[in-house]
Amino acid sequence: VMLHSTLALSLLLIAVTSNLAMAIKKEKRAPQTLSRGWGDEITWVQTYEEGLYQAKKSNKPLMVIHHLEDCQYCQALKKAFAENEEIQEMAKNNFIMLNLMHETTDKNLSPDGQYVPRIMFVDPSLTVRADITGRYSNRLYTYEPQDMMFLIENMKKALRLIQTEL
């Protein structure tokens, strides 16, 4: 009987511990609702202000993605963005990342209008890089799923410009 109850107790302990471990793990993952599907391994800032602060502090460029949940172009871009390993890796390591489902008060982030999706870069000196644009002249900061290589080049450009200008 003694052996039986010890076994039962240790099984109970294992169950409790693994549940606890899962709860702790879940706890750690909780803020990732901020990713909204753009990449769960990336640490996302919550607000534009926080993004600017982190960019300045870390000397990394801030990447701002404006999007809306019910926009099919945003959904398609999000899927391509989330599935691209090179983008995810760079976003995770070299950028302060923010995705927004509302407009910011900073007019510099909508130099040619408030359309979605649009991706803009702000360097650590807090300058919005209006010179890092996508491929479309009518919507300068929009990217389509097939433009991921182009976006990668622009991410590299954003990183290069910091080193050369600051």
Side-chain angles (χ1 to χ4, degrees), residues 25 28-166:
K25 205 168 174 183
K28 223 182 106 200
R29 304 293 288 167
Q32 281 317 323
T33 50
L34 288 176
S35 92
R36 299 186 182 97
W38 290 89
D40 288 339
E41 297 303 312
I42 297 168
T43 304
W44 297 87
V45 293
Q46 202 158 359
T47 62
Y48 182 53
E49 292 66 33
E50 186 193 343
L52 293 175
Y53 173 77
Q54 293 293 348
K56 203 173 173 72
K57 199 174 88 168
S58 65
N59 199 36
K60 291 177 178 178
L62 167 65
M63 183 175 186
V64 184
I65 305 170
H66 282 96
H67 64 107
L68 291 170
E69 205 52 63
D70 54 5
C71 147
Q72 62 177 3
Y73 303 105
C74 300
Q75 293 296 358
L77 181 64
K78 179 194 296 190
K79 190 175 185 310
F81 187 98
E83 286 171 0
N84 187 299
E85 281 178 35
E86 193 174 352
I87 287 178
Q88 291 292 308
E89 201 58 32
M90 270 201 290
K92 190 170 126 184
N93 299 319
N94 309 109
F95 287 83
I96 303 301
M97 298 295 296
L98 172 66
N99 71 76
L100 284 179
M101 295 175 68
H102 57 82
E103 279 302 329
T104 57
T105 50
D106 187 346
K107 296 284 170 267
N108 297 313
L109 281 182
S110 49
D112 65 339
Q114 299 191 336
Y115 52 86
V116 292
R118 69 181 194 281
I119 299 178
M120 297 193 69
F121 298 93
V122 184
D123 71 28
S125 70
L126 307 188
T127 310
V128 175
R129 304 294 325 202
D131 53 347
I132 304 181
T133 55
R135 302 194 318 172
Y136 309 97
S137 53
N138 58 337
R139 293 186 162 193
L140 292 176
Y141 306 97
T142 213
Y143 295 84
E144 293 188 345
Q146 65 270 23
D147 299 333
M148 291 306 94
M149 290 318 293
F150 200 80
L151 180 59
I152 288 170
E153 285 313 305
N154 276 349
M155 288 172 83
K156 289 179 178 167
K157 186 173 172 185
L159 291 169
R160 233 182 4 257
L161 287 172
I162 290 176
Q163 287 144 14
T164 54
E165 293 183 14
L166 294 185

ask   = Between Glu144 and Arg139, is there a salt bridge with N-O shorter than 4.0 Å?
value = no
query = If you draw a 6.0 Å radius around NZ in Lys79, do more than 12 non-hydrogen atoms from other residues or ligands fall strictly inside?
reply = no
task = Can you measure from CZ (Arg135) to CG (Asn154) and round to the nearest 0.5 angstrom?
result = 11.0 Å
task = Might you confirm whether atom CD of Glu103 has over 12 heavy atoms from other residues, nucleotides or ligands at distances under 6.0 Å?
result = yes
key: Atom pair CG/OG1 of Leu34 and Thr43 - distance to nearest 0.5 Å   = 10.0 Å
request  = Determine yes or no for a side-chain-to-main-chain donor-acceptor pair under 3.5 angstrom, with Thr142 supplying the side chain and Pro117 the backbone.
outcome  = yes
task = Output yes when a side-chain donor or acceptor of Gln88 lies under 3.5 Å from a complementary backbone atom of Phe81, and no otherwise.
result = yes
task = Without swapping roles, check the side chain of Lys60 against the backbone of Asn93 for a donor-acceptor pair under 3.5 Å.
result = yes
request  = Please lay out, stage by stage, how Met63 and Leu151 fare under the test side chain to side chain contact (heavy atoms under 4.5 Å, CB included).
outcome  = CA-CA 11 Å; Met63 183 175 186; Leu151 180 59; 4.0 Å; yes
ask   = With no hydrogens and no angle check, is any side-chain donor or acceptor of Trp44 less than 3.5 Å from a backbone partner on Gly39?
value = yes
inquiry  = Checking the side chain of Asp123 only, and the main-chain atoms of Ala158 only, is there a donor and an acceptor separated by less than 3.5 Å?
reply    = no
note = Output for pair (Ser110 OG, Leu140 CG), nearest 0.5 Å, gives 12.0 Å
inquiry  = I need the Tyr48 OH to Leu62 CG distance, nearest 0.5 Å.
reply    = 6.5 Å
query = Under 6.0 Å from the OH atom of Tyr115, do we count more than 12 heavy atoms belonging to anything else shown?
reply = yes
inquiry  = Angle between ring planes, Trp38 versus His67, binned at 30° and 60°: parallel, tilted or perpendicular?
reply    = perpendicular
inquiry  = Please determine whether side chain to side chain contact (heavy atoms under 4.5 Å, CB included) holds for the pair Met148 and Leu77, giving the CA-CA distance in whole Å, both sets of side-chain angles, and the decisive distance to 0.1 Å.
reply    = CA-CA 9 Å; Met148 291 306 94; Leu77 181 64; 3.3 Å; yes
query = So which of Val128, Leu52, Asn99, Leu98 actually passes side chain to side chain contact (heavy atoms under 4.5 Å, CB included) with Val64?
reply = Leu98
ask   = Is Gln146 atom CD crowded by more than 12 heavy atoms from other residues, nucleotides or ligands, each under 6.0 Å away?
value = yes
ask   = In Å and rounded to the nearest 0.5 Å, what is the CG to CE distance from Leu68 to Met101?
value = 6.0 Å
message = For the NZ atom of Lys92 and the CE atom of Met97, what is their distance to the nearest 0.5 Å?
response = 12.5 Å
inquiry  = Which residue in the set Val116, Ile119, Ile132, Asp112 passes side chain to side chain contact (heavy atoms under 4.5 Å, CB included) when paired with Tyr141?
reply    = Asp112
ask   = Are Arg160 and Glu153 within salt-bridge range, i.e. N to O under 4.0 Å?
value = no
request  = Classify the ring geometry between Phe150 and Tyr143 as parallel (under 30°), tilted (30 to 60°) or perpendicular (over 60°).
outcome  = tilted
task = Take Glu69 and Lys78, measure what side chain to side chain contact (heavy atoms under 4.5 Å, CB included) needs, and give me the verdict at the end.
result = CA-CA 10 Å; Glu69 205 52 63; Lys78 179 194 296 190; 3.7 Å; yes
task = Verify side chain to side chain contact (heavy atoms under 4.5 Å, CB included) between Ile152 and Asn84, making sure each step is shown before the conclusion.
result = CA-CA 10 Å; Ile152 288 170; Asn84 187 299; 3.8 Å; yes
